[in-house]
Amino acid sequence: QVLLVESGGGLVQAGESLRLSCAASGRTSSTYAMGWFRQAPGKEREFVAAVSRSGGRTDYADSVKERFSMSRDNAKNAVYLQMNSLKPEDTALYYCAADTTPFRSLPSRRSRDYEYWGQGTQVTVSS
């Protein structure tokens, strides 16, 4: 029902910045809470950031707090992840996801709460 497509990944040097985008399309006019997750080879998928339906509340993993910023543009059905001061440990495949669960007012860190997932965009940070 909802198709999510990430873009903006690439290969950068440590200390540089990237801005990831996630475009949503499909048979929905509702605004969902959205999250960003990442997965490095051999590791479990981990929470990065999330934003509430209204856009008024955000949450970040401790590892990216004060470096990453998440935002949304409901008019464009898009969410973004501005990543500054990138580190080699940020290297991973980054996914955006949509939380369709009603009644939830706070963004969730749990991957199981997200129903729709994009295909991922690769971010590689060289040391």
Inset, instruction - Give every residue pair that meets the disulfide bond (SG atoms under 2.5 Å apart) criterion with at least one member in residues 51-83, sequence neighbours excluded. - result: none
Legend entry - Heavy-atom side-chain contact between M83 and Y94 under 4.5 Å: yes
Inset, instruction - Return each pair, listed once, that meets ring-ring contact (aromatic ring centres under 6.0 Å, His included) where at least one residue sits in residues 104-127; pairs must be two or more places apart or across chains. - result: F37-Y114, F37-W117
Legend entry - Test salt bridge (Lys or Arg N to Asp or Glu O under 4.0 Å) applied to E46 - qualifying residues, sequence neighbours left out: R38
Inset, instruction - Measure the CD-CG distance between E6 and L81 for me, rounded to the nearest 0.5 Å. - result: 11.0 Å
Inset, instruction - First locate atom OG of S127, then atom NZ of K87, and finally report the distance between them rounded to the nearest 0.5 Å. - result: 13.5 Å
Inset, instruction - Give the other cluster members for L3, using side-chain heavy-atom distances under 4.5 Å between Ile, Leu, Val, Met, Phe, Trp and Tyr residues; answer none if it is isolated. - result: V5
Legend entry - Heavy-atom check, side chain of S17 versus side chain of N84, under 4.5 Å: yes
Inset, instruction - Report the residues that fulfil side chain to side chain donor-acceptor pair (under 3.5 Å) with T121, sequence neighbours left out, ordered by chain and then residue number. - result: none
Legend entry - Any residue meeting salt bridge (Lys or Arg N to Asp or Glu O under 4.0 Å) with R67, in chain and number order, not counting sequence neighbours: D90
Inset, instruction - Under the side chain to side chain contact (heavy atoms under 4.5 Å, CB included) rule, collect the residues that match up with E44, sequence neighbours excluded. - result: none
Inset, instruction - Look at atom NZ of K65 and say whether more than 12 heavy atoms of other residues, nucleotides or ligands are closer to it than 6.0 Å. - result: yes
Inset, instruction - Decide yes or no for T100 and Q1: does some side-chain heavy atom of the first lie under 4.5 Å from some side-chain heavy atom of the second? - result: no
Legend entry - Nearest non-hydrogen partners of L4 and A24, listed with the distance: CD2-CB, 3.6 Å
Legend entry - side chain to side chain contact (heavy atoms under 4.5 Å, CB included) partners of S126, counting only residues at least two apart: Q13
Legend entry - Inter- and intrachain pairs under ring-ring contact (aromatic ring centres under 6.0 Å, His included), touching residues 51-93, at least two apart: none
Legend entry - Single-linkage hydrophobic cluster V123~F47, side-chain heavy atoms < 4.5 angstrom: no
Inset, instruction - Answer whether the closest heavy-atom distance between the side chains of L106 and R57 falls below 4.5 Å. - result: yes
Inset, instruction - Apply side chain to side chain donor-acceptor pair (under 3.5 Å) to R72 and list each qualifying residue two or more places apart in sequence or on a separate chain. - result: N74
Inset, instruction - Decide whether L18 and Y95 are clustered together by the hydrophobic rule: side chain heavy atoms of Ile, Leu, Val, Met, Phe, Trp, Tyr closer than 4.5 Å, transitively. - result: no
Inset, instruction - Quick one: list whatever passes salt bridge (Lys or Arg N to Asp or Glu O under 4.0 Å) with R19, sequence neighbours left out. - result: none
Legend entry - Connected via hydrophobic side-chain network under 4.5 Å: L93 and M34: no
Legend entry - Close side-chain approach of M70 and V79, heavy atoms under 4.5 Å: yes
Legend entry - Which residues share a side chain to side chain contact (heavy atoms under 4.5 Å, CB included) with R112, sequence neighbours left out: R110
Inset, instruction - Indicate yes or no for a side-chain donor-acceptor contact from T91 to the backbone of V125 under 3.5 Å, with no hydrogens or angles considered. - result: yes
Inset, instruction - Identify the two heavy atoms, one from D113 and one from S108, that lie closest to each other, and give their separation to 0.1 Å. - result: OD2-OG, 2.5 Å
